[in-house]
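Have a look at the structure below before the remarks.
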Amino acid sequence: LKHTTATSSWGFIVYGPTGVVPQVRLDALEDVGAGFYIGGGGVRSVVAPSLCRIGGNVDISSNALVDLQLPALSEVGGTFTISSNNALTTLDLTGMTSLGGPTGAGNLSINSNPLLTSVALPNLAGSVQYIQLHYNTGLTTIDFRSLEQITTAGIPSLSLIHISEP
């Protein structure tokens, strides 16, 4: 499987009570034409080393996920949500350069992943609408070094980021 296309919002879905799935490995997948969803199941690891583009939203929520590796993913056309993955420790999105398409209207929301220690998107450039990181109680490293602008609620830029403990 190299490419997916869809007539709905989602181009790739793993959903439901699947029991424990040790690993979803998508070595050849390069492009998802619509959204990418993994939720509500026993998926422990998602590895897609060649995935470069997701045309729509990404939602990875409520899993037994420990490991998410999308190192080549450079472009997401919509919002990116990773939430309520209570065992998530490894997140590799180091190749991400664009979120929300050419307008930068995408959002990044990483919430309620208590064992996650690092959120590093060092190549995410340009602008995004907002970044939300909360209830990730193990988080010690945040890296958005190339991001130029966060626009939210009509605010053209954000010059102060306040990080508080719960």
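One-based numbering along the sequence shown.
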Assigning hydrophobic clusters by single linkage (Ile, Leu, Val, Met, Phe, Trp, Tyr; side-chain heavy-atom cutoff under 4.5 Å), is Ile110 placed with Leu115? no
Ile38 side chain near Val46 side chain, heavy-atom distance below 4.5 Å: yes
For residues Leu108 and Leu121, determine if any side-chain heavy atom of one lies less than 4.5 Å from a side-chain heavy atom of the other. yes
Judged by atom type as modelled, is there a donor-acceptor pair below 3.5 Å linking the side chain of Asn107 to the main-chain atoms of Phe80? no
Between CG of Leu147 and OG of Ser127, what distance do you get to the nearest 0.5 Å? 7.5 Å
Partner of Leu99 under side-chain contact (heavy atoms from CB on, under 4.5 Å), picked from Ile131, Val58, Val76, is Val76
Would you find a donor on one side and an acceptor on the other, under 3.5 Å apart, between the side chain of Asn57 and the backbone of Gly35? no
Judged by atom type as modelled, is there a donor-acceptor pair below 3.5 Å linking the side chain of Asn123 to the main-chain atoms of Ala125? no
Roughly how far, to the nearest 0.5 Å, is the CG atom of Asp92 from the CG atom of Leu68? 8.5 Å
Got a donor-acceptor contact below 3.5 angstrom from the Asn113 side chain to the Ile82 backbone? yes
Could you state the interatomic distance from CD (Gln69) to CG (Leu93), rounded to the nearest 0.5 Å? 10.5 Å
Can a side-chain donor-acceptor contact be found between Thr81 and Asp59 if the only test is distance below 3.5 angstrom? no
Between Ser146 (side chain) and Pro122 (backbone), is there a donor-acceptor pair under 3.5 Å? yes
Pair Ser61-Ser83, side-chain donor/acceptor within less than 3.5 Å: yes
Is Asn85 reaching over with its side chain to a backbone N or O of Ala87, donor-acceptor style, under 3.5 angstrom? no
Flag the pair Leu73 / Ile54 as yes when at least one side-chain heavy-atom distance between them is below 4.5 Å, and no otherwise. yes
Verify the cluster assignment for Ile60 and Val24: are they in a single hydrophobic cluster under the rule of side-chain heavy atoms below 4.5 Å apart? yes
When you measure from the side chain of Thr79 to the backbone of Gly106, do you find a donor-acceptor pair of N or O atoms at a distance under 3.5 Å? no
Donor-acceptor pair, distance only, cut-off 3.5 Å: does the side chain of Thr97 make one with the backbone of Ser74? yes
I'd like to know if Phe36 and Val47 are part of one continuous hydrophobic network [Ile/Leu/Val/Met/Phe/Trp/Tyr, side-chain heavy atoms within less than 4.5 Å]. no
Side-chain donor or acceptor of Arg44 paired with backbone N/O of Ala64 under 3.5 Å: yes
Close side-chain approach of Leu91 to Leu116, heavy-atom, < 4.5 Å: yes
Leu70 reachable from Val66 in the ILVMFWY side-chain graph, under 4.5 Å edges: no
Which pair of non-hydrogen atoms, one from Ser112 and one from Asn136, has the smallest distance, and what is that distance? N-OD1, 3.5 Å
Do the side-chain N and O atoms of Asn111 and Gln132 include a donor-acceptor pair separated by under 3.5 angstrom? yes
Taking atom CZ of Arg53 and atom CG of Leu29, what is their separation to the nearest 0.5 Å? 11.0 Å
Check the hydrophobic clustering (I, L, V, M, F, W, Y; side-chain heavy atoms under 4.5 Å; chains of links allowed) and say if Leu124 and Leu139 are grouped together. yes
